[in-house]
Amino acid sequence: MASPTVISATPPGQYDVAVIGGGVIGHGIAWEAYRSGRSVALIDDAPGTGASWAAAGMLAPVSELHYQEEELLALMLEASRLWPGFAAGLGEGRSDASGTGYRTTPTLAVGADAADRQALADLRGVQQASGLAVEPLTVREARGREPLLSPGISCAFDIPADHQVDPRKLLARIGELLARDPRYTAVPRRAAALRWEGGRVSGVGLEGGGEIRAGETIVANGLGAAGLQGLPGGLDLPLRPVYGDILRLRVPQALRPLLRCTVRGLVRGIPVYIVPREDGTVVIGATQREDAPSDPGAVSAGGVYQLLRDAQQLLPAVAELELLEATARARPGTPDNAPLLGRVARSGTGPDYEGLIIATGFFRHGVLLTPVAAAVCRQLLDGETDPRWAGFRPDRFSIRPPGSSAGDTTPRDTATTERKTA
Ligand code: GLY
């Protein structure tokens with residue numbers, strides 16, 4: 001990460017940067033903006049309780065590669081490259097993996113039956129074509145590394161580049177570091193609307209009244225982004241909830257260590273992962289549901305059954321663990337599974353609206369992509385644009401170019417937005 005360059009000289013009540021959303025992405029962006037010397041307000045009435053609370057924290061560009069997502073792979077690899085420095089930057093004065101649970105232990109991909117073996121071998125072909133290291137192991141070699149793996153698994157592959165972090169620790173650590181400095185303010189309120197002034201975004205209106213004024217506002221509140229009032233007219237943020245059930249379990253002393261590596265399995269075509277933490281717990285995840293539960297935090301009984309059944313098939317000792325927690329949250333999905341990241345053009349070809357950056361839609365990859373989202377936002381704050389990430393512009397799904405028919409700076413909901421055009 002770059003070193004601080006900007007010295008903040010903003011009046012009281014006015015911030016250089018307002019970040020809407022206190023998940024891993026919002027915190028990562030706030031941290032990087034703060035490190036650049038800017039004053040930062042992070043707005044969230046329940047920080048860290050959304051998708052970040054559920055996330056297993058796999059940093060897995062290789063095993064998360066999906067067919068026809070090569071551009072996303074480039075972003076994931078850049079994030080992977082940034083992770084060691086990002087974690088080190090949080091580790092000042094600590095010896096325990098920066099207090100974030102960041103670990104560079106490898107991942108093993110394993111299959112349950114012959115069809116899973118074929119599917120993982122086919123995927124390996126795609127991974128290798130993208131220059132990624134995925135090495136086959138015999139079942140015996142895999143069990144030499146992880147003795148508790150079932151002898152019945154059909155195949156195993158070593159993926160050394162896929163690592164992990166503990167998202168809850170990551171959030172706590174960034175929050176702790178930021179809270180030390182008066183240049184940072186946590187605003188425990190819900191953002192209601194973007195505020196506009198002189199044709200640019202000037203800050204954030206808060207639910208129940210009040211506002212945060214900022215030179216730059218970064219919308220990083222996941223699924224909540226699409227419901228924010230005052231987004232530019234014509235901007236379509238096509239976010240949809242993709243629910244995941246995930247379990248946390250304690251490993252009895254007699255079974256420790258249950259695993260050293262993260263295990264990603266395919267069981268009759270269904271993915272499951274088992275992520276061992278240093279504290280003797282494991283995380284087992286995660287389903288993907290696009291249903292509409294009555295309560296967004298409701299855990300699916302079928303999902304829990306599926307996770308335990310499939311994890312136990314790969315690792316029979318799972319049946320002997322103590323269930324600590326079952327959690328469900330929604331990931332913010334997009335039509336192409338890629339984030340909505342960048343500035344918004346006033347028309348199909350720009351110029352961009354000033355004072356506004358969007359950073360949402362990270363779907364399955366929010367934790368992995370945190371450092372690169374932070375770096376991209378930092379560049380945009382500095383007035384730079386990296387052409388490699390042009391394909392992730394947040395206006396790419398907007399059929400009508402933002403602002404094209406309603407006047408250049410008309411926000412989507414003028415009723416709830418103060419706007420004083422220059
Ligand atoms: N990143 C893994 C998941 O979303 O389940």
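Just follow the structure's listing: the first ligand is 1, and inside any ligand the first atom is 1. Below, all heavy atoms of this structure are taken into account, side chains as well, without hydrogens, waters or symmetry copies.
Listed by chain and residue number, the protein contacts of ligand 1 are Met58, Glu64, Tyr273, Ala286, Arg331, Arg364 (heavy atom within 4.0 angstrom).
Ser154 and Asp113 share no donor-acceptor pair across their side chains, judged by distance under 3.5 Å alone.
Among residue pairs with one or both ends in residues 319-329, those qualifying as side-chain hydrogen bond (donor to acceptor under 3.5 Å, both in side chains) are Arg168-Glu325, Arg250-Glu322, Glu325-Thr327; sequence neighbours excluded.
Under the 30°/60° scheme for interplanar angles, the aromatic rings of Tyr102 and Trp83 are found to lie parallel.
Counting non-hydrogen atoms of neighbouring residues, nucleotides and ligands closer than 6.0 angstrom, the CZ atom of Arg393 exceeds 12 such neighbours.
The side-chain hydrogen bond (donor to acceptor under 3.5 Å, both in side chains) test applied to Glu135 returns no partner, not counting sequence neighbours. Partners of Gln312 by side-chain hydrogen bond (donor to acceptor under 3.5 Å, both in side chains), not counting sequence neighbours: none found.
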